[in-house]
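Side-chain atoms are counted along with the backbone in the values below, which use heavy atoms only and exclude waters and symmetry mates. All figures in this text were calculated on a predicted structure; none of them were measured in a lab. Residue numbers start at 1 and run along the sequence shown. Both ligands and their constituent atoms are indexed starting at 1 by order of listing.
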Amino acid sequence: MSDILIESVLQEQRQFPPPPAFSAQARIASLEQYQQLCQEFQADPQGFWAGLAQRELHWFRPWEQVMDWQPPQVRWFVGGQTNLAYNCLDRHLTTSRRTKPAIIWQGEPGDVRTITYEQLHHDVCQMANALKALGVQRGDRVGIYLPLIPEAAMAMLACARIGAAHTVVFGGFSAEALKERLRAAQVKVVVTADGGWRKGAVVPLKPQVDQALADGQVPSVQRVLVVQRVGGCAMTPERDGWWHELQPQMSPDCPAEALDSEELLFILYTSGTTGKPKGIVHTTAGYNLYTHITTQWVFDLQEDDVYWCTADVGWITGHSYVVYGPLSNGATTVMYEGAPHGGNPGCFWDVIQTHKVSIFYTAPTAIRALIKMGVEHPQARDLSSLRLLGTVGEPINPSAWMWYHRVIGGERCPIVDTWWQTETGGMMIAPLPGATPTKPGAATLPLPGIQAQVVDRQGEPVPVNQGGYLVVTHPWPGMMRTVYQDEERYRRTYWEPIPPRDGQHFYFAGDGARRDEDGYFWVMGRVDDVINVAGHRLGTMEIESALVSHPAVAEAAVVGRPDELKGETVVAFVTLERHYQPGDALKQALLAHVVQEIGAIARPSEMTFTDALPKTRSGKIMRRLLRALAAGESPTGDISTLEDRGVLESLRPQPQ
Ligand code: WT7
C-alpha cells in the first residue's frame with residue numbers, strides 16, 4: 001500500500017430514480033426486490049448461488065459441494081461438470097435463438113458480418129477442431145493476439161469448448177510484452193491475424209508475433225494460426241497456417257467436453273505493483289455463472305435487446321461482457337473494431353443507429369473523448385433505440401455522467417456505473433437499472449451476493465463519508481482463483497494488506513472508496529502503484545522497469561497525473577547513468593523504448609531528467625511527492641522522512 005492519502009472532495013447531491021417506464025418492464029423492478037435478493041443471500045449464501053447455478057446453467061454432472069472456502073483459496077460447485085461454450089452456444093440451438101444473431105460485427109472500414117448462434121456454433125466447432133489438429137489438448141494454453149474481429153470470440157469459445165485455457169493479449173501490446181506473456185503462460189499455439197484496422201490504418205499483428213517468437217524465445221509455442229484480415233503477411237513454413245485454408249478441412253462436429261467446475265478457463269495478465277504482470281486465473285463454472293447472472297441483472301437483459309460493449313477482448317471487460325456474459329444469455333452482442341476517434345467523429349453513434357443498439361456500455365474516457373468531439377454528432381443520429389447506458393473502468397466525473405444522461409440517453413435511459421476488476425471476473429458494485437436510484441459518479445450498491453465494505457488498515461469499517469479501502473468479505477463465484485503459478489503473490493497482493501480478524505478475511509481491491517449516508521459506494525481510484533490511463537491499467541513499476549532496461553537510465557520513477565480526457569497520464573522522472581547527457585534526443589529515445597517494451601498506451605506524456613529522486617532514509621521513492629509535483633501542486637504533508645530536501649526543488653516536470 002502506498003502513502004497516498006484517501007480523501008474525497010466530490011460532493012454530488014443529485015439523485016435519479018429509475019424511470020418508471022423502465023422499471024415497469026425490468027427484471028428487478030424495485031429496491032425492495034433488490035433487497036429481497038440480498039436477504040436471500042444473507043439467509044443462505046450457498047443456497048443462493050446454488051439456486052442460480054441450477055436454474056441458469058447446463059450441467060453435465062451436478063456438484064457435490066457448492067463452495068469450498070479455505071482462505072484464501074476457494075472452489076465453487078466442486079465435483080460438478082459443465083462447459084462454458086456449451087452454455088454460450090449449444091443450449092440455444094434448440095430454441096428460437098438458433099437463428100438469432102449472436103454477433104453483429106462491424107469492421108472499422110465499414111464491413112459488417114452478422115453471425116447467428118447456429119453459425120457461431122459451427123465456426124467454433126471448426127476452430128476447436130483446428131486447435132486440436134495443431135496439437136492443443138485439454139489443459140494446454142492458447143495465446144490469442146487478434147484485432148476485435150469475430151474470430152477472437154471464436155478462438156476463446158473454441159478453447160473453452162475443449163478445455164484449453166486461453167490467454168488473450170491485447171493487440172496494442174508490443175512484441176516484447178507479448179513475448180513475456182506467452183512465455184509466462186507456456187503457450188502452445190498462438191492465434192493471431194495478419195493485422196487489424198485502427199484509425200484508418202492497418203496495424204500489423206503477425207510481424208509482432210514473429211518478433212516475439214524469433215530465435216526460439218518462446219520455446220513452448222509450436223504453431224501459429226493466422227486469420228486473414230488485412231491482406232496478408234509473411235508465413236513461417238511448418239509453424240504457421242492460415243485459418244481460411246484450414247477451416248474448410250475441419251469438421252463442424254466437436255462435442256463440448258464435460259469439464260470440471262474448477263477447470264482452468266483463462267489467464268489474463270494485468271498490471272500490479274511490481275514490474276511483472278500478474279496472470280489472473282479464472283476457472284469454468286463460477287466465472288460462467290457470475291458473468292451470466294451479472295449480465296442479466298445489471299443490463300436488465302431482454303430477449304430482443306441489441307447489446308454493445310465497446311471494450312476490446314484483450315481486456316477483462318471484453319471477456320466477460322463482450323463474449324461470455326452476453327452469449328451465455330443468448331443475447332445479440334455487437335463488436336466494433338474501431339475507436340471512437342477513428343476518423344469519423346460520429347462512428348459510435350452510427351453503429352448505434354445502424355444496428356439499433358438498445359444497451360450501450362463504454363468507458364468514461366471514451367465518453368470524455370466523445371464530448372470533446374461535439375454534440376452535433378450524436379444529435380445528428382437517431383439514438384432512440386437506446387434504453388440503457390453503462391460505464392466501466394474508472395470513476396466517471398459527474399459532468400460526463402450528466403452529458404451521457406442528457407445527450408446520449410435523452411434523459412430516459414438509466415446509467416449503470418459498474419465497479420469491478422480483472423480479478424473479480426464480473427461486476428461487483430453497480431445499480432440495478434430498474435431498482436436503484438443513481439447518483440452521478442457513484443457505483444451505488446453491491447450486487448446481491450456481494451459483501452463489500454470500506455475499511456481502515458485494520459479492517460475496521462470507517463464512518464460514513466470517510467475514505468478507506470474497498471474490500472470484499474465473502475467469496476463470490478467469479479472471483480479469481482490465484483495468480484498463475486504464483487500462489488504467494490496471490491496471498492500477498494489480495495489477502496494480506498488487510499489482515500484477517502475474527503475469522504474474517506478481506507479481499508483487498510487496491511481501490512480507495514467512501515460510502516455515503518445511503519450506503520452508496522463512491523470509488524476514488526487506486527491506492528497502490530497502479531495507474532489508470534484511458535481505462536487501461538498500468539503498473540508504474542512495469543514502466544519503470546522498461547525505462548531502466550535502457551542503458552542510459554540509472555533510475556526511474558513513474559506516477560500518474562490527473563488528466564481531463566484520459567483520467568490519468570504517465571509522468572516519468574529519470575536519472576541518467578554517467579556519461580549520458582539529458583536532452584530532447586535522449587528523451588525521444590526513451591519514450592520510444594517504452595513503446596517498444598510495453599506498447600503505446602504506456603508512453604509517458606511527460607518526462608523529467610533529474611539528478612536524484614526524492615527518497616526516504618530507507619531508500620523508498622516518495623511517490624506522494626512526485627505525484628504532487630506531476631499534478632503541478634506543491635507537495636504537502638509530511639516530508640520529514642525525505643532524505644535530501646534539495647531534490648524537491650530541482651524537480652519540475654517539462655511538457656513534451
Ligand atoms: C480497476 C480495475 C473492470 C473492467 C475494466 C478495468 C477501476 C473499474 C470502475 C468504476 C471507479 C473503476 C478501479 C479498479 N475501475 N471500474 N466503475 N468506478 N473505478 O479492469 O483493468 O482490472 O482495472 O479499474 O480502480 O480497481 P481492470
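A salt bridge is absent between Arg491 and Glu488: the closest approach of a Lys/Arg side-chain nitrogen to an acidic carboxylate oxygen does not fall below 4.0 angstrom.
In this structure, of Val523, Asp417, Thr422, Val530, the residue bringing a heavy atom nearest to atom 20 (O) of ligand 1 is Thr422. With His536, Met427, Met524, Arg526 as candidates, the residue nearest to atom 1 (C) of ligand 1 on a non-hydrogen basis is Arg526. In this structure, of His319, Glu394, Met428, Glu423, the residue bringing a heavy atom nearest to atom 10 (C) of ligand 1 is Glu394.
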* Asked: Would Asn329 and Phe299 satisfy side chain to side chain contact (heavy atoms under 4.5 Å, CB included), going step by step from the backbone distance to the final call?
  -> CA-CA 11 Å; Asn329 281 287; Phe299 296 128; over 6 Å; no
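If you take OH on Tyr490 and OG1 on Thr482, they are separated by 6.5 Å, rounding to the nearest 0.5 Å.
A salt bridge (Lys or Arg N to Asp or Glu O under 4.0 Å) with Arg481 is found for exactly one of Glu487, Glu262, Glu263, namely Glu262.
The Asp511 neighbourhood of ligand 1 comprises atoms 13 (C), 14 (C), 25 (O), 26 (O), with distances under 4.0 Å to a heavy atom of that residue. Atoms of ligand 1 found under 4.0 Å from any heavy atom of Val392 (numbered from 1 in listed order, with element): 3 (C), 4 (C), 5 (C).
At a 4.0 Å heavy-atom cut-off, ligand 1 touches Thr418 through the backbone alone.
For the pair Lys278 and Tyr269, the cation-pi test (distance below 6.0 Å, angle within 45°) is failed. Both the sub-6.0 Å distance and the 45° axial angle are not jointly satisfied by Arg457 relative to the ring of Tyr469.
Considering backbone and side-chain N/O atoms, Gly525 never comes within less than 3.5 Å of an N/O atom of ligand 1.
For the pair Ala443 and ligand 1, no heavy-atom separation below 4.0 Å is found.
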